[in-house]
A.B. asks: 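Attaching a single structure in structure tokens format; questions to follow.
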Amino acid sequence: MTNQERPVHETLKKYFGEEWISRKMSKIRIDGYTNTSSINLAGMDLHPVIKAILFTQMKLARLKHEGVPNFPIGSAETFQKLLHENLTILEDELDFEDTQRRLRDKNEFSKIDYEIAIAAGYKRMGVEINFIPRLAGVRTGEFEIINPDGSQVIIECKKKDMTLLAQQKITSWWEEFQHLTIA
């Protein structure tokens, strides 16, 4: 089986660790509709991957309870699939220990997720990339791309949330409302 054929949950286990996922999930009791409500979960400060796994599990439980045979793909499943695809595309180039540490860290997750997405985009276009190792926690650039003519370009990925406070409130309200309608 190639990396691309590996199921999404296997990639998540590989990069986050089954024990880490189980420990994070065990802090939230999941048993359908009684103890976990979508609105409560929307307000919790959960790691993005744990939140996605949890919402997928809740959706599966609800659909099973309702006898719905088809599983509609939503944002939680799309998020997990895209992370899986990006990680498997870059698997040979990534420093596994550093990547795993940063993926597990809720404060680092959005940064490394962005870096991986940008690098995977270059790789999808057939561009050769090499990640730059961190030396004593410091590095200049995330990775370098090697052009067909042999020239190298260092890529530094920066992501900043530029939303205004009013936009953040609307987004927060929409997330809570969306979870009410999904649950």
Side-chain angles (χ1 to χ4, degrees), residues 1-124 129 131 142-143 157 159 171 174-176 178-183:
M1 173 181 353
T2 67
N3 294 343
Q4 302 295 342
E5 295 169 340
R6 181 174 56 218
V8 172
H9 69 276
E10 291 297 327
T11 298
L12 295 180
K13 283 183 191 176
K14 177 177 181 169
Y15 281 91
F16 288 89
E18 191 169 0
E19 181 185 317
W20 183 86
I21 293 171
S22 295
R23 190 174 63 250
K24 295 287 184 186
M25 293 294 289
S26 70
K27 294 178 181 179
I28 306 161
R29 187 166 174 211
I30 306 169
D31 70 354
Y33 301 98
T34 56
N35 292 332
T36 309
S37 73
S38 297
I39 191 118
N40 290 340
L41 291 172
M44 290 179 155
D45 188 26
L46 299 173
H47 188 286
V49 169
I50 298 302
K51 189 180 264 190
I53 292 169
L54 186 59
F55 284 130
T56 298
Q57 288 182 352
M58 290 172 62
K59 183 190 289 185
L60 282 169
R62 187 186 81 242
L63 293 172
K64 183 179 177 184
H65 176 73
E66 295 171 358
V68 177
N70 296 330
F71 184 80
I73 303 298
S75 60
E77 297 77 31
T78 303
F79 169 76
Q80 293 171 78
K81 184 167 176 33
L82 185 58
L83 181 59
H84 155 75
E85 287 176 4
N86 290 340
L87 286 169
T88 55
I89 286 169
L90 298 171
E91 197 154 285
D92 295 334
E93 287 85 7
L94 292 170
D95 174 341
F96 180 79
E97 286 79 21
D98 184 55
T99 301
Q100 185 180 56
R101 179 190 59 75
R102 292 183 68 209
L103 284 170
R104 288 176 173 183
D105 183 340
K106 191 170 41 172
N107 298 320
E108 280 286 309
F109 179 80
S110 67
K111 296 173 194 171
I112 190 166
D113 183 44
Y114 184 68
E115 293 166 16
I116 288 170
I118 298 298
Y122 279 108
K123 186 94 184 239
R124 282 183 180 97
I129 65 161
F131 279 89
E142 273 61 63
F143 57 92
C157 299
K159 181 179 178 189
T171 302
W174 176 247
E175 281 182 358
E176 290 183 24
Q178 202 174 16
H179 297 305
L180 275 175
T181 59
I182 291 171

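The first residue in the sequence is number 1, and the count goes up from there.
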A.B. asks: Is there side-chain contact between Arg124 and Glu85, with heavy atoms separated by less than 4.5 Å?
C.D. replies: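 The answer is yes; the side chains approach within 4.5 Å.
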A.B. asks: Which heavy-atom pair separates Gln100 from Lys14 by the least distance, and what is that distance?
C.D. replies: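 Heavy atoms of Gln100 and Lys14 come nearest at NE2-O, 3.6 Å.
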A.B. asks: Of all heavy-atom pairs between Ile73 and Lys59, which one has the smallest distance, and what is that distance?
C.D. replies: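 That would be C-NZ, 4.1 Å.
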A.B. asks: Sequence neighbours excluded, which residues qualify as side-chain contact (heavy atoms from CB on, under 4.5 Å) partners of Ala76?
C.D. replies: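 Listed in chain order: Ala52, Phe55, Thr56, Gln80.
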A.B. asks: Checking Arg101 now: which residues fulfil side-chain contact (heavy atoms from CB on, under 4.5 Å) with it, not counting sequence neighbours?
C.D. replies: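 For Arg101 the side-chain contact (heavy atoms from CB on, under 4.5 Å) partners, ignoring immediate neighbours, are Asp98, Arg134.
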A.B. asks: Is any side-chain heavy atom of Lys24 closer than 4.5 Å to one of Lys106?
C.D. replies: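 In short, these two side chains do not touch, never coming nearer than 4.5 Å.
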A.B. asks: Only counting residues at least two apart or in another chain, list the ones meeting side-chain contact (heavy atoms from CB on, under 4.5 Å) with Phe109.
C.D. replies: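 Expected list: Phe16, His47, Pro48, Val49, Phe79, Leu83, Leu103, Asp113.
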A.B. asks: Taking everything shown except Glu108 itself, do over 12 heavy atoms lie less than 6.0 Å from its CD?
C.D. replies: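 Buried by this count: over 12 neighbours within 6.0 Å.
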A.B. asks: To check you understand the geometry: which heavy-atom pair defines the closest contact between Cys157 and Glu115, and what is its length?
C.D. replies: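 Heavy atoms of Cys157 and Glu115 come nearest at CB-CG, 3.8 Å.
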A.B. asks: Holding to ring-ring contact (aromatic ring centres under 6.0 Å, His included), I want the full list of residues that pass it with Tyr15, two or more places apart in sequence or in another chain.
C.D. replies: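 In terms of ring-ring contact (aromatic ring centres under 6.0 Å, His included), with neighbours along the sequence ignored, Tyr15 is linked to Phe96.
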A.B. asks: Considering residues at least two apart in sequence or located in another chain, which fulfil the side-chain contact (heavy atoms from CB on, under 4.5 Å) criterion with Glu93?
C.D. replies: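 Here the qualifying residues are Leu90, Lys123, Ile129, Phe131.
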A.B. asks: Using salt bridge (charged side-chain N to carboxylate O under 4.0 Å, His left out) as the criterion, list what pairs up with Glu10, not counting sequence neighbours.
C.D. replies: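 Counting only residues at least two positions away or on another chain, Glu10 forms a salt bridge (charged side-chain N to carboxylate O under 4.0 Å, His left out) with Lys13.
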A.B. asks: Looking only at heavy atoms, which two atoms of Ile21 and Leu12 are closest? And how far apart?
C.D. replies: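 It is CD1-O, 3.8 Å.
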A.B. asks: Can you measure from OG1 (Thr11) to NE2 (His84) and round to the nearest 0.5 angstrom?
C.D. replies: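 So the OG1 of Thr11 and the NE2 of His84 are separated by 4.5 Å.
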